[in-house]
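Note that ligands are numbered from 1 as they come in the structure, with each ligand's atoms numbered from 1 the same way. In this text the structure is predicted, and so the values were computed from the model without any measurement.
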Amino acid sequence: MDITALTSGKKDLFDNYLHAYLAAEGTSSGIFEAFAYSLKAGGKRIRPVLTMMACECLGGFAEDTLPAGLAIEMIHTFSLIHDDLPALDNDDLRRGRPTCHARFGESTAILAGDALIFQALSAITAAGYPPRTKLDILEFMAEVCGVKGLVQGEYHDVTAEGKELSMDEVRDIYRRKTARLFELCMFTGARIAEGDPEQIESLVGFGTYLGLAFQAIDDILDVTSSREVLGKTTGKDLAQGKATIVKALGLQESRRWARDMTEKAVDLLPAKHGTRVKDLKALALSMLERMA
Ligand code: FPP
Ligand code: MG
């Protein structure tokens, strides 16, 4: 099934929640404008959608994940604002629009990113989850984002420019800079549904493999797709000497690797997780269609 058809209902649910949040929190300040601009830019909202699907597949309700899904989308948006800055990837186009710093200037973009981290924390603390659930989500979030997680992945990504990395090293970058956030989505949805440790572990494992496949596909599309289709600059990994899977393995092997990771993800979804597991499977398979 096409990824848009599969996710549109949940995406709309999330976008409506986001717009209500922005209307309630809104101020006329310049920093709020930059903050809201990047959050509204959108995309497929894969992370909040995954969080909903993880919760539903264990018998929970998609609506219950919205505050936590918003927090994860804020962390993701923050990471993209900073990733696009001149000191990192130096990109001027994201989701078909000027990047935050291209539109508002570098200092405002840095501050909008900073604000997103702390708004993410309060989205969770203000949610109606039991205190232990909030603490578990915050603990997992801090771990995946911190100096061994996203920050380390991004650091390695930036410092590896111009170097020849092995596939193991590329995988490590992908795990930290991308897959760990997918793990957070799966953990959060499963935790809100009060899944047991075994269920949570296999759903987090699904997040790992799906995130690895996602980043591989992203890097394949940087070579094979266009600025018009993706809404962001293409061909820049090669231009910047990025250490990607395409550089390590070539296009054909990279596609095979992405398929392999997707299969491993799907294999971690046993039927005992409930009938809703089919949506997670379909989402994983539809991601592969993007690279076809
Ligand atoms: C996009 O990858 C960037 C990331 C997946 C992660 C960016 C991470 C940071 C800026 C570290 C700080 C983050 C947190 C949450 C603490 P890409 O450049 O390969 O993709 P692109 O083509 O979409 O830019
Ligand atoms: Mg980038």
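- Using a 4.0 Å cut-off between charged side-chain N and carboxylate O, R103 and E33 make a salt bridge.
- Classified by interplanar angle (parallel below 30°, tilted 30° to 60°, perpendicular above 60°), the ring pair Y37/F104 is perpendicular.
- The existence of a salt bridge linking D260 and R256 is excluded, since no basic side-chain nitrogen approaches an acidic carboxylate oxygen closer than 4.0 Å.
- Heavy-atom proximity to Q215, at under 4.0 Å, picks out these atoms of ligand 1: 19 (O).
- An N or O contact shorter than 3.5 Å links K236 to ligand 1 by distance.
- Salt-bridge check for D91 with K236: passed, with a basic side-chain N closer than 4.0 Å to an acidic carboxylate O.
- With a cut-off of 2.8 Å, the Mg ion (ligand 2) has no N, O or S atom of D91 in range.
- At least one N/O-N/O distance between K232 and ligand 1 falls below 3.5 Å.
- The shortest N or O to N or O distance between D89 and ligand 1 is below 3.5 Å.
- Each of the following atoms of ligand 1 lies closer than 4.0 Å to a heavy atom of C145: 15 (C), 16 (C).
- Atom 20 (O) of ligand 1 has D218 OD2, 3.6 Å as its closest protein atom, hydrogens excluded (heavy atom only).
- Within D89, the N, O or S atom at minimum distance from the Mg ion (ligand 2) carries the name OD2.
- Within D83, the N/O/S atom positioned nearest the Mg ion (ligand 2) carries the name OD2.
- Around atom 7 (C) of ligand 1, the closest heavy atom drawn from E154, K242, M74, Q240 belongs to E154.
- For ligand 1, the atoms lying closer than 4.0 Å to a non-hydrogen atom of I75 are 15 (C).
- A salt bridge does not link E63 to K10: none of the charged side-chain nitrogens sits closer than 4.0 Å to a carboxylate oxygen.
- Among T244, T233, V151, D157, the residue whose heavy atom sits closest to atom 12 (C) of ligand 1 is V151.
- Closest heavy-atom contact between D237 and D219: OD2-OD1, 3.4 Å.
- No salt bridge links D12 with R45; every basic N to acidic carboxylate O contact stays at or beyond 4.0 Å.
- For ligand 1, the polar-atom distance check against S79 finds no nitrogen or oxygen pair separated by under 3.5 Å.
- Salt-bridge annotation for K242 and D157: present, with a side-chain N of the basic residue lying under 4.0 Å from a carboxylate O of the acidic one.
- Between R94 and D83 a salt bridge is recorded (basic side-chain N to carboxylate O distance below 4.0 Å).
- Within ligand 1, the atoms closer than 4.0 Å to a non-hydrogen atom of R94 are 21 (P), 23 (O), 24 (O), numbered from 1 in the order shown.
- Residue, atom and distance of the protein heavy atom nearest to atom 1 (C) of ligand 1 are D83 OD2, 3.5 Å.
- Remark: ligand 1 atoms within the under-4.0 Å shell around heavy atoms of T178 are 5 (C).
- F78 CE2, 3.2 Å is the protein heavy atom nearest to atom 14 (C) of ligand 1.
- In summary, R180 and E143 engage in a salt bridge, as defined by a charged side-chain N under 4.0 Å from a carboxylate O.
- Using the six-membered ring where Trp is involved, F35 and Y21 have ring planes that are tilted, between 30° and 60° apart.
- Annotation: K177 places an N or O atom under 3.5 Å from an N or O atom of ligand 1; distance criterion only.
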